[in-house]
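Inspection log for the structure reproduced underneath, given as structure tokens.
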Amino acid sequence: MDKKKPKKVLVQGAIPPEKIAQSIANHQSKTNIGAHSIFLGQIRADQVDSKTVRAIDYSAYEEMAEKVFHEIREAAFSKFDITCAHIYHSLGRVKTGEICLFVFTSSAHRKIAIEACNYFVEEIKAKAPIFGKEIFEDETHQWKVNK
Amino acid sequence: MDKKKPKKVLVQGAIPPEKIAQSIANHQSKTNIGAHSIFLGQIRADQVDSKTVRAIDYSAYEEMAEKVFHEIREAAFSKFDITCAHIYHSLGRVKTGEICLFVFTSSAHRKIAIEACNYFVEEIKAKAPIFGKEIFEDETHQWKVNK
Amino acid sequence: MKVSVKYFGIIAEAAGRDEEVLEVAWEISVNELKEQQVQKYKIPDAEAVQLAVNQNLNKEVELKEGDEVAFLPPFAGG
Amino acid sequence: MKVSVKYFGIIAEAAGRDEEVLEVAWEISVNELKEQQVQKYKIPDAEAVQLAVNQNLNKEVELKEGDEVAFLPPFAGG
């Protein structure tokens with residue numbers, strides 16, 4: 001059912017730890033699950049030319065991004081024997097130390113959950129049209145590029 | 001500092017989702033972290049000869065297990081450029097759907113956090129003297145063996 | 001014909017706008033449209049810019065009246 | 001000499017106890033002690049049983065007075 005009704009991936013602002021706890025708790029009734037793999041992206045206070053990143057302001061081509069997320073889900077469910085998968089990515093300003101990406105995969109067996117989680121992370125980085133403006137302490141900025 | 005004062009890994013009973021949220025929240029002040037990788041083991045309601053697992057009762061050679069966990073930590077910190085690592089494993093009865101293992105690694109970069117998390121999971125399965133009694137609905141049991 | 005154009009990130013910043021409707025020549029290619037706008041707005045790092053037509057990155061497509069063309073800078077999600 | 005012995009999991013179940021102090025012959029090897037107890041308590045799946053001496057799995061060590069010897073069934077953590 002997870003597979004058929006994907007929720008929106010893009011959410012406003014940082015992803016709170018309580019949301020992650022709630023997602024985990026929601027899976028305790030699914031007793032065919034033996035392993036969960038979770039990836040969290042957190043905003044780093046990178047130094048660039050003696051200035052320090054304070055936040056990243058995320059924007060996205062939202063309709064296309066949701067379409068891409070849906071395609072990644074479909075591909076993941078056909079590649080991996082996972083029970084469920086959830087992904088959330090922030091839009092708007094996320095401060096250093098806060099969570100901007102939450103990927104959560106579950107399976108009967110650990111290796112499948114872990115591989116699927118990695119697949120999601122790499123695919124999202126490579127294919128989702130999301131853009132990040134790194135904001136420095138003095139409110140100047142530079143545009144982030146995934147390496 | 002994480003590295004020098006390891007807490008006890010073995011905890012009584014299931015690991016509540018709120019503890020996981022608390023661990024994540026505790027890392028929001030560490031702004032050199034860019035990625036967290038989390039693995040959770042959850043008790044499956046496996047079928048064995050028409051009986052269904054209801055819980056696993058974990059026991060351990062506790063002093064040796066804590067020593068083994070400490071050695072795994074030391075090895076992980078020397079192999080991987082991780083910022084911190086936390087592991088918790090249940091003792092006593094953990095019901096199906098509940099969490100019995102929580103591995104949490106953090107790094108500046110995603111690949112390091114993910115590889116270190118996998119390393120912990122595999123090492124714990126292979127080396128920690130922990131024993132699991134699978135309890136069926138009728139309170140009969142069988143002893144679990146890692147594959 | 002008219003196409004609807006969207007700009008994102010550093011490109012929106014250079015163009016001074018998020019979207020606009022452009023009157024373009026029939027049979028203009030995706031690459032020609034890209035070149036035209038890169039020149040017009042002095043879009044930096046043009047080699048790294050990708051165009052999506054109706055949310056697809058496939059560059060071989062021919063533009064049609066009413067298409068939505070998005071100018072995408074390098075992705076930074078995750 | 002005396003050694004302190006601990007049993008875990010299915011082995012403790014077979015032995016009917018978690019620990020005991022055994023009086024053993026000097027120069028008894030780890031494997032001899034294992035064989036002796038496997039016979040005594042009919043410990044199942046003996047090939048899968050590992051012994052830890054003072055919390056180390058290294059089997060080459062010689063037993064000494066006061067050693068702690070643990071009988072460990074297959075691990076099931078995780």
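Order of the sequence lines fixes the chain letters, A, B, ..., with proteins taken first and strands second; residue numbering starts at 1 for each chain.
For B:Ala126, the part sitting under 4.5 Å from any heavy atom of chain D is the backbone (N, CA, C, O) and nothing else. At a 4.5 Å heavy-atom cutoff, the contact between B:Tyr58 and chain D is made by side-chain atoms alone. Looking at B:Ile130, the atoms closer than 4.5 Å to chain D (heavy atoms on both sides) sit in the backbone and in the side chain alike. Using a 4.5 Å cut-off between heavy atoms, D:Gln50 does not touch chain B at all. Of the two parts of B:Val121, neither the backbone nor the side chain holds a non-hydrogen atom closer than 4.5 Å to a non-hydrogen atom of chain D.
Chosen from B:Pro129, B:Ser90, B:Gly41, the residue pairing most often with chain D at heavy-atom distances under 4.5 Å is B:Pro129.
The aromatic rings of B:His27 and B:His36 sit perpendicular to each other, their planes meeting at more than 60°, with 30° as the lower class boundary.
Annotation for B:Ala113 and B:Ala35: closest pair CB-O, 3.7 Å, computed over non-hydrogen atoms.
Using a cut-off of 4.0 Å between Lys/Arg side-chain N and Asp/Glu carboxylate O, B:Lys144 and B:Glu134 are scored as not salt-bridged. Using a 4.0 Å cut-off between charged side-chain N and carboxylate O, B:Glu63 and B:Lys67 make no salt bridge.
Within the cation-pi definition used here (under 6.0 Å to the ring centroid, within 45° of the axis), B:Lys19 qualifies as a partner of B:Tyr88.
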